[in-house]
Number of protein chains: 2
Amino acid sequence: MKVSMKTDYAFRVLFTLVEHYQRGPIPIRELARRNEVPKRFLEQIMLEMKAKGWVASIMGKQGGYVLSKSPDKITAGAVIRHFYGVLAPIGCVSVIQYEPCSQEPVCRFRRLFLDVRNHAARLMDSATLDSIYQGKPVRQEEVFNMELTGGAGI
Amino acid sequence: MKVSMKTDYAFRVLFTLVEHYQRGPIPIRELARRNEVPKRFLEQIMLEMKAKGWVASIMGKQGGYVLSKSPDKITAGAVIRHFYGVLAPIGCVSVIQYEPCSQEPVCRFRRLFLDVRNHAARLMDSATLDSIYQGKPVRQEEVFNMELTGGAGI
DNA sequence: ACTATTCCTATTGAACCTATAGGGTTAATC
DNA sequence: GATTAACCCTATAGGTTCAATAGGAATAGT
């Protein structure tokens, strides 16, 4: 998959807004500073998120951004799908961006990609900003433990 | 993830070689024709696969490529990891290409990406060319069925 | 010698990603 | 009503990666 910086930045900022849910707007300057995101770049990201209806803006002095939906109504899948475009590893197993392939009738590895896509989709779409926010941050040691206990290196 | 064309082409050709396992070499020209891969591009791919020890070459006239390992000894994970580089959705959950991130101590969505990575790794590394070859090709209808039965669009 | 093949390196063209830039609009505050 | 601090919009630059093409060298069967 390899998620883009835009997706990463979007998530960072969304969680800052979750923390301040219903406690007034936060200006881009502050969102950028806290999450180490280039301010000008973040402007574009915020406009996109506004268009998606995830955040609302208050213009003028003392303005800023607020979360415009309840944190349990925004899924990680929606965010990733918007900023990254598609989660399917290959076009022929994508539902929203299906691409025909001449090899389909004889293709042998499609099943595998379909399984990966389905699991990713299920996880991403059942995770909301709220449920993620409740969960504990993951430390790097757990990644290595995973490796030692059977997970393969990736 | 969005696997590269190189990965796609590599898989196509590998399965052609599986079909002909222990039945003599197949020239690139033929591999390219059958799998609709640009011949010159395939040359590079074959050289990489040779370096990885998956295929062997017979030079000169009547030459070509053969699978050099048993089909149950080559995993989909190995192929994807070589041609795509990394399956982890984000550097901070990658074992083989870990990238530090200043946000790690406060990051809330890492767990999700870690889960996606782990499941993908498990599937990819337990699937061999042989096991995939035994399975039936997947038709597009199944993808849409998945959509209707709860899988989200991706 | 001829021919069909693999081998190696370079380069091109396109697309995408990240970020920056310039200037316009809105509204609170003094 | 001027000032100021914020959002809004479009364009574009610089870098990287991907996909493919190109030219030719090495190898070996006939």
Side-chain angles (χ1 to χ4, degrees), chain A residues 1-13 17 24-52 54-68 80 82-86 89-91 97 99 101, chain B residues 1-13 17 24-33 35-68 80 82-86 89-91 97 99 101:
Chain A
M1 182 203 303
K2 201 65 181 182
V3 131
S4 63
M5 290 310 289
K6 237 175 175 176
T7 315
D8 189 346
Y9 292 158
F11 272 120
R12 294 185 193 184
V13 167
L17 294 177
I26 308 177
I28 283 186
R29 175 178 41 74
E30 179 64 13
L31 291 171
R33 191 189 59 74
R34 278 205 217 182
N35 297 290
E36 298 184 54
V37 180
K39 177 173 168 291
R40 226 66 204 276
F41 196 28
L42 185 53
E43 284 185 11
Q44 295 173 32
I45 296 170
M46 298 314 292
L47 286 176
E48 289 182 58
M49 294 211 278
K50 185 186 167 191
K52 295 300 282 187
W54 302 329
V55 301
S57 61
I58 288 92
M59 282 194 69
K61 204 169 177 178
Q62 307 295 327
Y65 282 93
V66 297
L67 208 61
S68 62
I80 292 177
H82 173 73
F83 284 110
Y84 183 71
V86 76
I90 198 162
Q97 284 185 32
E99 295 167 23
C101 168
Chain B
M1 181 208 297
K2 199 64 179 180
V3 130
S4 62
M5 288 310 290
K6 237 176 175 175
T7 316
D8 188 345
Y9 291 159
F11 271 119
R12 294 185 193 185
V13 166
L17 293 177
I26 308 178
I28 284 185
R29 174 179 42 76
E30 179 64 14
L31 292 171
R33 191 189 59 75
N35 297 289
E36 297 185 53
V37 181
K39 178 172 167 290
R40 226 66 205 274
F41 195 30
L42 185 54
E43 285 184 13
Q44 296 173 32
I45 296 171
M46 297 315 292
L47 287 175
E48 288 182 58
M49 294 212 276
K50 185 186 167 187
K52 296 300 281 187
W54 301 329
V55 302
S57 62
I58 289 94
M59 282 195 68
K61 205 170 178 179
Q62 307 295 329
Y65 282 93
V66 296
L67 208 64
S68 64
I80 291 177
H82 172 74
F83 284 110
Y84 184 69
V86 77
I90 198 162
Q97 284 185 32
E99 294 167 24
C101 168

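Within every chain, numbering begins at 1; the chains are lettered A, B, ... in the order of the sequence lines, protein sequences first and strands thereafter. The figures here come from the full heavy-atom set of this structure, side chains too, leaving out hydrogens, waters and symmetry mates.
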Practice item. Can you figure out which of C:dA19, D:dA20, D:dA22 approaches the side chain of B:Arg40 most closely? Key: D:dA22

Length of the [atom1]-[atom2] vector between [X] and [N], whole Å:
{"X": "A:Arg12", "N": "C:dT18", "atom1": "CZ", "atom2": "P", "answer": "12 Å"}
{"X": "A:Ile26", "N": "D:dC7", "atom1": "CD1", "atom2": "C1'", "answer": "15 Å"}
{"X": "A:Phe41", "N": "D:dC9", "atom1": "CZ", "atom2": "C1'", "answer": "16 Å"}
{"X": "B:Glu48", "N": "C:dT6", "atom1": "CD", "atom2": "P", "answer": "16 Å"}
{"X": "B:Leu42", "N": "C:dC8", "atom1": "CG", "atom2": "C1'", "answer": "15 Å"}
{"X": "B:Ile28", "N": "D:dT21", "atom1": "CD1", "atom2": "P", "answer": "14 Å"}
{"X": "A:Arg29", "N": "D:dC8", "atom1": "CZ", "atom2": "P", "answer": "15 Å"}
{"X": "A:Ile45", "N": "C:dC17", "atom1": "CD1", "atom2": "P", "answer": "13 Å"}

Check your understanding: Between the base of C:dC7 and the side chain of B:Glu43, is there a donor-acceptor distance below 3.5 Å?
Key -> yes

Point to revise | Polar pair under 3.5 Å, donor/acceptor by atom type, side chain B:Gln62, base D:dT27 | key: no

Quick one: is [X] getting a side-chain N or O under 4.0 Å of the [N] phosphate, OP1 or OP2?
{"X": "B:Ser57", "N": "C:dT5", "answer": "no"}
{"X": "A:Tyr9", "N": "C:dT18", "answer": "no"}
{"X": "B:Tyr65", "N": "C:dT5", "answer": "no"}

About how many Å separate [atom2] of [Y] and [atom1] of [X], when rounded to the nearest 0.5 Å?
{"X": "A:Arg33", "Y": "A:Leu42", "atom1": "CZ", "atom2": "CG", "answer": "13.0 Å"}
{"X": "B:Lys39", "Y": "B:Met46", "atom1": "NZ", "atom2": "CE", "answer": "12.5 Å"}
{"X": "B:Glu48", "Y": "B:Gln44", "atom1": "CD", "atom2": "CD", "answer": "7.5 Å"}

Exercise for review: Take A:Gly60 and A:Met5, find for each the nucleotide of DNA chain C with the closest heavy atom, and name the residue whose nucleotide sits nearer the 5' end.
Suggested key: A:Met5

Check your understanding: Pick the nucleotide of DNA chain C nearest each of A:Met59 and A:Lys6; which residue has the one closer to the 5' end?
Key -> A:Lys6

Study note, to complete from the structure: Of all heavy-atom pairs linking B:Leu17 and B:Tyr65, the shortest is CD2-O, 3.6 Å

Review point. Between B:Trp54 and B:Phe83, what is the ring plane arrangement, given parallel below 30°, perpendicular above 60°, and tilted in between?
Key: tilted

Practice item. Could you tell me whether A:Lys50 contacts a base, only the sugar-phosphate backbone, or nothing, with contacts defined as non-hydrogen atoms closer than 4.0 Å? Key: sugar-phosphate

**Study point:** Contact nearer the 5' end of DNA chain D, comparing A:Gln44 with A:Ile58
**Key:** A:Ile58

